[in-house]
Protein chains: 4
Amino acid sequence: MVIVMAPDATQRDLDEVVGLVTTAGGEAFVSRGVNRTIVGLVGDLDQFEALNLRGMAGVLDVVRISVPYKLVSRENHPARSTVRVGGVPIGPDSVTLIAGPCAVETPEQTLAAAQMAKAAGATLLRGGAYKPRTSPYAFQGLGEAGLRILADVRAETGLPIVTEVVDAHDVELVASYADMLQVGTRNMQNFALLQAVGAAGRPVMLKRGMTATIEEWLMAAEYVAQRGNLDIVLCERGIRTFEKATRNTLDVSAVPVAQRLSHLPVIIDPSHSGGRRDLVLPLTRAAIAVGADGVIIDVHPQPEKALCDGPQALVDGDLTELARVMRTFPEAMGRALTLGPDLAGEAPALVG
Amino acid sequence: MVIVMAPDATQRDLDEVVGLVTTAGGEAFVSRGVNRTIVGLVGDLDQFEALNLRGMAGVLDVVRISVPYKLVSRENHPARSTVRVGGVPIGPDSVTLIAGPCAVETPEQTLAAAQMAKAAGATLLRGGAYKPRTSPYAFQGLGEAGLRILADVRAETGLPIVTEVVDAHDVELVASYADMLQVGTRNMQNFALLQAVGAAGRPVMLKRGMTATIEEWLMAAEYVAQRGNLDIVLCERGIRTFEKATRNTLDVSAVPVAQRLSHLPVIIDPSHSGGRRDLVLPLTRAAIAVGADGVIIDVHPQPEKALCDGPQALVDGDLTELARVMRTFPEAMGRALTLGPDLAGEAPALVG
Amino acid sequence: MVIVMAPDATQRDLDEVVGLVTTAGGEAFVSRGVNRTIVGLVGDLDQFEALNLRGMAGVLDVVRISVPYKLVSRENHPARSTVRVGGVPIGPDSVTLIAGPCAVETPEQTLAAAQMAKAAGATLLRGGAYKPRTSPYAFQGLGEAGLRILADVRAETGLPIVTEVVDAHDVELVASYADMLQVGTRNMQNFALLQAVGAAGRPVMLKRGMTATIEEWLMAAEYVAQRGNLDIVLCERGIRTFEKATRNTLDVSAVPVAQRLSHLPVIIDPSHSGGRRDLVLPLTRAAIAVGADGVIIDVHPQPEKALCDGPQALVDGDLTELARVMRTFPEAMGRALTLGPDLAGEAPALVG
Amino acid sequence: MVIVMAPDATQRDLDEVVGLVTTAGGEAFVSRGVNRTIVGLVGDLDQFEALNLRGMAGVLDVVRISVPYKLVSRENHPARSTVRVGGVPIGPDSVTLIAGPCAVETPEQTLAAAQMAKAAGATLLRGGAYKPRTSPYAFQGLGEAGLRILADVRAETGLPIVTEVVDAHDVELVASYADMLQVGTRNMQNFALLQAVGAAGRPVMLKRGMTATIEEWLMAAEYVAQRGNLDIVLCERGIRTFEKATRNTLDVSAVPVAQRLSHLPVIIDPSHSGGRRDLVLPLTRAAIAVGADGVIIDVHPQPEKALCDGPQALVDGDLTELARVMRTFPEAMGRALTLGPDLAGEAPALVG
């Protein structure tokens, strides 16, 4: 942390800053320039934050230098992590395809979508039973009935389930069905929810807030991690910008940036980024090429009848091409498509 | 609602669109141009939304024309509303000053801040007992102990209390102390929370999400209203833009725009918009001048010791000027500073 | 300037940084922390910039501390400046109204608009003869014929002229007619144009780029100033954000921020910010209340026939209210409406 | 074009709208709904624009439906175009690598960079002799001396030259050296420059303004095309958003969107998007995977000594990997790396 003194700061202002830092157990290094004096601080940053140095007389600016998150930071954990969801790995060694319907509507629709997903190479099933909707008049999801459908389809297809939870007090219920809990973009700073999923004993997929900086996203992950859960997968899903030709602007650069700052896996949602079916495959290719550890894609057997986000769901005719992309592009990256449960992280079965 | 057909749409595509709309009980008016054909729809919009017309063959775009919110819209409620908080009005007839500390820290600090607020013309006390913080390592508020302090200070000063609630399951508790429930910027799309405050029987202050459009803000208000609570005050508090000289960019235009679209009162938070003490008074003046129905301002007896947002709190020396602004600028607008509980809306005292 | 070394920087990396700075004639102060080492630099910043320190091994970040503009900075020029345009002052002592048509169309329309402007309190006439238009198919202005109309209207009304120049090679011609040269938002970083107007011997109004930071705006002013012209007025006109309810988002905070960083006067354009007639008066009031040194407003005798931006021009019926605002709000600020040419800065007429 | 009437519009308002449209030679189709009446217009859009319908009594909104650009639109030109630069194609059949130094500094540096570029697979050389810089105190380029260096390096390496022009009045000079003229991000709406390059008889690379919508970008291309030059390559180079971890946010979605709206080739600049060396290769892979027709990349033999943007230039060690990416990823897309001049479009050599 560096304190920049104002040009008209007095010696007394400077002494008070140094005194306060020292009293708080830190060290202060003063560098005097022709126009400005700066003070470099060494010690406990949280304590310095609490001092409110920016409010002191003569202080022009306070520049923080180290990152404000710890558990999810790569500084103290240089190796990139792999998160296992029902045995399926998401991490640096392969590229994982997660697919399924935006919303669970009926058993038939969900099963059909899951079979489409599996045929294209998916090893995890997505599907929403609780939907956060901008309008109170829009379809809000089937709730627990939807979770039961997902569980049935898992039994039928063998695909572990990724599903969203929107209220801290539903976490236990959702976790009793789901293999992975998803926190959506509108809830990225719903801190009560983050803490609840952190304590739920399930891997978490944390979508980036549509207007969150990468740093805020990692701070949100820190909330989850702080409750003892480091099985977190970050998901970039487009940010809000002035451009309106696409629903959001997919920030592909966020993948290498977040992977450099954090050890957590990072995937991309090309369906919600663009909001248009014709963009899903190009953005899927870009996601894999930029280094994402996976993609999560909407598919629907009859998107013209979908209750949620139909215009962006892939349909039958697109899935052959998706399967081709999932074979070709991971290979160009020197990675494999994740083929199924990876037992490396499981306890070995002992044989007498 | 208007459907724009693609240049290469066939007659059959068009017939199917018209047929579907008609079957759903609507009317479809076809206009053929040289390059494009458009179809105007008349009927129940919610039903049209459910048809997923955008996904049909030959459809290029679907343009919605009427607003998607109803209860908070000014279309069906032309007169602007006044919301009463512990008897204090917020509405078109006066300008209301809400002031107090960002966070409740101690009884002494809260009382001192309330007295500063009152001296400057405030008739409502703000103060946070539950604080949503970006970092899990930052001060999160005193919780119920903070609510008790607020209640004691209300008893001492007579100022009704505005305080934030961050979790749907705390709503009942907070409502048992507070005169008005505040929903913060990070929770503007926390729909579980919106529904809970909608059912709590207290007026609600709904801050605009830092990256929410005005339409999304009004949709969030619709969530509250839909539960039967129309005592909602909208609060503009700055939006996220590329400019980093200020913490957020105060969108003053949002006040007249929202007042034109909705009958609800609209106030401004000049403290969180700018994030800098030297901007609070200029932005307060601008807020009143643009037509805001009130302002909500951070004050603190010793901001250099504040646990939250000290750099933006007004201090003793600023309050004389704040009091002057609150006398002068409402008058230039032909309005009065709200002076205290307005009994107009209360049951009249009967006289024998 | 502060250099932040990476956690894995070696002693040799550090020595090379210090050596390079010292060789370049600067001083380097090293502060070692537990996790990070920082180096504070004192000396010639331009020279440090040229060293490309950010590219050196072991360097994580380079944080610039002092401002990159000099001539327009308030650091070396604490008193706020007044710019005189044909004798009319724009500066801290009064509030100046500039008004007129967006585009000069005919002599009659321009004269009528000028008379409307004058009646509302304007002392400077705006009007465009060269219009930068997003579409090549839109009206591009009358060119020199428009300048001649403006000169005739100046002769008739006594109002000095503010008009835009869009091409460096028209500057001499436009300057031969105009009292003040306007550089528009799309040209804020047209450096050839900035240098040409800097050499033209006329005051300059520099509109903020619709996506320029305040720092970039001041750097653009520095381009003009560097050619010897410090008669620059900054004009905030709204920035581009995600919000689409208004054409741009008026950044009122930019006024006090720019006035604190620079000694130049700062005005606001409420017409182009909102792009809607119903927002012009509220934004004008907010502009004056936040401390702007003037406003520039579109008026048109028949906006429904305007060739450019008709929907935002004030019409006859609005001007009584504009005149009222221009009397009331400067007064609430303790300022006067600029009433006409101020001869304070002119050579006094000697009397025998 | 569709006109939406206000809820309180009168029959007379409607009649006047219809009358005006009809008088102007258009047709107006009225559709009456329960809450709203809409009018669909068929005819000459430019003429409708000039009517200023939005300003008429009773008109709530005017929604434009067809695109405002014509020559660059794909509507009238369904096949995607190939632009040839000194015989080297940029278009849908291959992926073209353009590389070289950000700024031409010395003959040695430029030649070394060109040889690095060629070894990595480049068939066009980039290099700036005129540099638009935010600060007037920064290096502005060598001017014509730089152009001569580029011409010498072209003679030595056989690589045609792409170079920026920043002032309309330098276009002829720059065109006398360059094979392709580049218009930079800050000049995308410098309309005088666009018209000058449109008349210069050279292919043009038009960078997207850092805050331009895709529609504005295509309108800027229309300015060039309108002067008779359709040899335009669009270049996405990152847009300005709230995220500050990268210099700009690369908008990969803009490639398929622009390719769908326009027949012009679209390439990506991964160097200026991210502004960081470690992002160049990931973003290059994403660019090719999303379908870009080429990439333009900064390389420098000694980036730590670069006078411009050294931190983002690729260095020797990166080029082996760049060469590998340029072999592998076009192939995964079913395309080839452009290998050299394509004579398909040239006049055949006649043989006696």
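Chain letters run A, B, ... following the sequence lines, proteins first and then strands; every chain starts at 1.
With values rounded to the nearest 0.5 angstrom, B:Glu236 atom CD is found 13.0 Å from B:His272 atom NE2. Between the CG atom of D:Leu71 and the NE2 atom of D:His263 there is a distance of 7.5 Å, given to the nearest 0.5 Å. Atom CD of D:Glu222 sits about 9.0 Å away from atom OG of D:Ser262, to the nearest 0.5 Å. Taking CD1 of B:Ile214 as the reference point, atom CG of B:Leu261 lies at 7.0 Å (rounded to 0.5 Å).
By the salt bridge (Lys or Arg N to Asp or Glu O under 4.0 Å) test, B:Arg80 is found to be paired with B:Asp293, residues two or more places apart in sequence or in another chain being considered.
Using non-hydrogen atoms only and a strict 4.5 Å limit, the part of residues 237-246 of chain D facing chain B consists of D:Arg240, D:Thr241, D:Phe242, D:Lys244.
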Begin with the C-alpha distance, continue with both residues' side-chain angles, and end with the deciding distance and a verdict on side chain to side chain donor-acceptor pair (under 3.5 Å) for B:Gln259 and B:Arg74. CA-CA 8 Å; B:Gln259 286 173 343; B:Arg74 204 165 168 181; over 6 Å; no
